[in-house]
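Structure first, commentary second.
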Amino acid sequence: MNPRTLILPALTLSVLLAACSKTPRSAGALPHEVYVWQRVWSPAVSGAVDEGKNDVARYAVLAAEIAGGEVARPAIDWAALRNSGRPVALVLRLGKNDIDGQRAEIVTRLAMQLFGDAQENGVTASELQIDYDCAESKLGGYRALLQKLRDTVPLTVTPTALPSWLKQPEFAALARESGGFVLQVHSTSAPKLGVEKICSPSAARRWVGQAGRLGVPFRVALPTYRYLTAFDARGKFLGI
């Protein structure tokens, strides 16, 4: 095995407004949001939330993951979020094939439970983000799930989008109906031997330009982490 450590600068989630050539542009500092993407809320995680509270506009917290109908829920330190005084977005990550039929009902019920848990713990959630790497051919079904969530959950429901979706007509409709989206510009392809970046600045700029032409407000999710990859002697990718 040939492990390689990939290190990226600490970047946060920046808010952008969609722009086109006929839309006036403005300049200035953009507000930043931070994902808290941990399953285990150690004292270090809670401490980081407190330490960073004056520098972020909102925390986006991994609240649950569904894979194959199985649900995993982190034991969130609600007190740390409440004491930060920052708005909170609840993030629900979905695995493959978790948007159809009975599983869509599981997603909807879980979203309501997450909203209720936040309320019970004195945290006012301002948004529900759905993180789902949907196949381009299934964007129509995903669009229906997002509509169902908007009809049920009393929160703004925002999808995370992959750059490959931007050229799909179904995504343009999905984005308009959602009123906005989060464009993920990191970890968009499998790691390759010798490649030490999980975010290409040039590709990110190109995707931001494409997203802007949709005319829908969006945010850009940038990496704040590093990972270790492994390859065998022939250069075959083994895992992260």
Side-chain angles (χ1 to χ4, degrees), residues 6-37 56-60 62 89 91-96 99 127-143 145-146 156-227 229 237 240:
L6 309 185
I7 303 176
L8 273 294
L11 303 175
T12 57
L13 181 73
S14 300
V15 178
L16 298 178
L17 291 181
C20 62
S21 59
K22 296 182 179 180
T23 302
R25 297 182 178 223
S26 60
L30 295 169
H32 293 271
E33 301 175 19
V34 172
Y35 282 108
V36 185
W37 203 258
V56 301
R58 176 163 52 183
Y59 285 115
L62 177 64
V91 185
L92 175 54
R93 176 156 179 76
L94 306 181
K96 293 181 180 179
I99 65 170
E127 180 183 44
L128 174 67
Q129 284 190 26
I130 305 299
D131 184 1
Y132 178 51
D133 295 344
C134 182
E136 294 173 40
S137 61
K138 295 185 177 181
L139 284 172
Y142 187 31
R143 180 181 170 190
L145 172 64
L146 291 171
T156 298
V157 178
T158 304
T160 298
L162 298 177
S164 60
W165 298 358
L166 295 173
K167 62 181 182 294
Q168 299 297 327
E170 193 70 52
F171 175 69
L174 182 156
R176 286 192 295 269
E177 292 171 2
S178 299
F181 59 95
V182 177
L183 178 64
Q184 178 183 322
V185 297
H186 60 93
S187 299
T188 57
S189 60
K192 297 179 180 179
L193 186 62
V195 178
E196 299 185 357
K197 293 181 179 180
I198 56 175
C199 177
S200 165
S202 60
R205 292 188 186 97
R206 183 174 69 253
W207 294 329
V208 166
Q210 291 174 358
R213 288 191 285 274
L214 292 174
V216 178
F218 66 101
R219 288 165 282 174
V220 179
L222 301 168
T224 63
Y225 60 91
R226 62 183 182 181
Y227 57 51
T229 58
F237 174 61
I240 296 176

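Here, residue 1 is the first one in the sequence, and each next residue gets the next number.
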Partners meeting side-chain contact (heavy atoms from CB on, under 4.5 Å) with Gln168 (sequence neighbours left out): Glu136, Leu139, Phe171

Might you point out which heavy atoms bring Tyr142 and Pro159 nearest each other, and give the distance in Å? OH-CB, 3.6 Å

If you compare all heavy atoms of Gly180 against all heavy atoms of Thr158, which two are closest, and at what distance to 0.1 Å? O-CG2, 4.0 Å

Side chains of Leu62 and Asp131, heavy atoms from C-beta outward: is any pair under 4.5 Å? no

What's the separation between atom NE2 in His32 and atom CG in Leu222, rounded to the nearest 0.5 Å? 9.0 Å

Hey, could you give me the CZ/CG distance between Arg206 and Leu166, rounded to the nearest 0.5 Å? 10.5 Å

Is the shortest side-chain heavy-atom distance between Thr160 and Val91 below 4.5 Å? no

Ignoring hydrogens, what is the shortest heavy-atom contact between Leu145 and Leu94? Give both atom names and the distance. CD2-CD1, 3.9 Å

Set of side-chain contact (heavy atoms from CB on, under 4.5 Å) partners for Arg205, sequence neighbours left out: Pro201

Residues two or more places apart in sequence or in another chain: which of them pass side-chain contact (heavy atoms from CB on, under 4.5 Å) with Ala89? Arg58, Ala60, Glu127, Gln129

Kindly give the heavy-atom pair with the smallest separation between Pro163 and Gln184, and that separation in Å. CD-O, 3.2 Å

Shortest non-hydrogen contact between Cys134 and Trp165, atoms and distance: O-NE1, 3.1 Å

Where Ala57 and Pro31 come nearest, the two heavy atoms and their spacing: CB-CB, 4.1 Å

When rounded to the nearest 0.5 Å, the distance separating NZ of Lys138 from CD of Glu170 is 14.0 Å

When the ring planes of Phe181 and Phe218 are compared, do they come out parallel, tilted or perpendicular, using 30° and 60° as the limits? parallel

Say you draw a straight line from CZ of Arg93 to CD1 of Ile130; how long is it, rounded to the nearest 0.5 Å? 11.5 Å

